[in-house]
Amino acid sequence: MKRILLVNPPIFDFSAYDFWLKPYGVLRVGGYLRNRVELRLFDFLDRFHSSLSGQPGLRTDSWGCGKFPATEVDKPPVLVETRRKFRRYGLPPEVFAEFLRTQPSFDIALIQTSMTYWYPGVSEVLDTLRWISPATRTVLGGVYATICPQHAATLGANFVASGSELAPLWEYLDLQPDLGQPPFWEGYSNLQVGVVKLSDGCPFRCTYCSVPSLYPCFTARPLNEGVESTRLVARLGASNMVFYDDALLFRPHKILIPYLRSIQKQNLRLNFHTPNALNARFMTPELAQILVETGFQQLYLGFESSSAQWQKTTGGKVYPRELERAVDLLVKAGAKRNQLHCYLIVGHPRGCLQDLENSMRFANSVGLRIMLSEFSPIPGTPDGELCRQWIDLDEPLLHNKTVFTRTFLGERPLQDLKDLCKELNGKLS
Ligand code: SF4
């Protein structure tokens, strides 16, 4: 039997927090190969790894989130002008090296990639594998491998699986998947958080978003796949389930509602979370009711801006009155005000500071806690391509949200917005 290693690399960034980060793509691929190969998982971002037990400062909150272990490292030369500390987040490289030395060698390592600007972590994994396990063939897949395939090819992996179509990967591995299997959650020795994705893609085409490039159209996944994955996560003892859907509330009678009804029937004791924004436009009294009833904890609504002009030019995903209506429906269904949040985009190249301030005051007036999300220029998206006039978009390190927002807005105006955000959120406490 082939031996396959699944790896989730460490992160190199100015900040990182475990807001339910799981390498869902590679776990899903691993699951499809269950019983056909020998599988192992090494997740650098596993905060419950045995090597970290008792480490101070790594507390986990009630919903399974918390800080990663981190070490300050030198900034890559293109980032030296950003006046923030740069860190490596995740298990130390020696723990991975020791793991490889104590295992029989692997035939193949499947490496998850995420944010384009996190590629130094992928490079580190490839270097360690080349050094300790040179016979292991390496494969990259995921967001960075899809958005920047040419750059990913320069890192020296044996194969780059770009896009969401998996047939080329099975051909490269010379293996037939069992598509009825749930993700490889048993790869974790202490699983606290699981992930489910009921659909791929989004019906919108927002000009700043990578989802349309990753998934050309919206498709529902088989209901049974989500239910089986959730049952496995609950059986392994996790109490938090996180949706990675980009349009969770779209076509609810075909997708989300049947899934939640099935979970309710099985009486699985799970808290549900939606770190990806929910689209307020799709909220209905029935949806609001079932979200509250089934134990959705913190609800994050995508808003970005109250400016009608900005919404119109970027895809028109939601307008202020729709946001207000969604909040109303959720509150009537029994959601607590302190559970309701909205994302506003900051540093967008077509945004203006006054509009952002107005948007923040509007969100606050309807009772939403504001989360500022810093804009990241993504190649291939209209707004990312617009940024070529300011940055070298072919260098993924410059897609970093911390870097672009500061370059575009300046440190002082950004700090003023953060102070205003704190003040407004404080009024809701
Ligand atoms: S609605 Fe959200 S997920 Fe869909 S394209 Fe717009 S930003 Fe992306």
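Side chains included, hydrogens not; waters and symmetry mates left out as well; all remaining heavy atoms used. All values reported here derive from a predicted model rather than from experimental measurement. Numbering of ligands and ligand atoms starts at 1, following listing order.
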Practice problem: For the residue pair W390 and T407, confirm or rule out a side-chain donor-acceptor distance under 3.5 Å. | Solution: no

Self-check item: side-chain hydrogen bond (donor to acceptor under 3.5 Å, both in side chains) partners for D46, two or more places apart
Solution: none

Quiz item: Would S305 and D355 count as having a side-chain donor-acceptor pair, cut-off 3.5 Å?
Solution: no

Quiz prompt | Within residues 68-87 or reaching into it, pairs that qualify as side chain to side chain donor-acceptor pair (under 3.5 Å) - sequence neighbours excluded | solution = none

Self-check item: Contacts of S199 that satisfy side-chain hydrogen bond (donor to acceptor under 3.5 Å, both in side chains) - sequence neighbours left out
Solution: D245

Practice problem: Look at atom CD of Q389 and say whether more than 12 heavy atoms of other residues, nucleotides or ligands are closer to it than 6.0 Å. | Solution: yes

Quiz item: By residue and atom, what protein N/O/S atoms are less than 2.8 Å from atom 4 (Fe) of ligand 1?
Solution: C202 SG

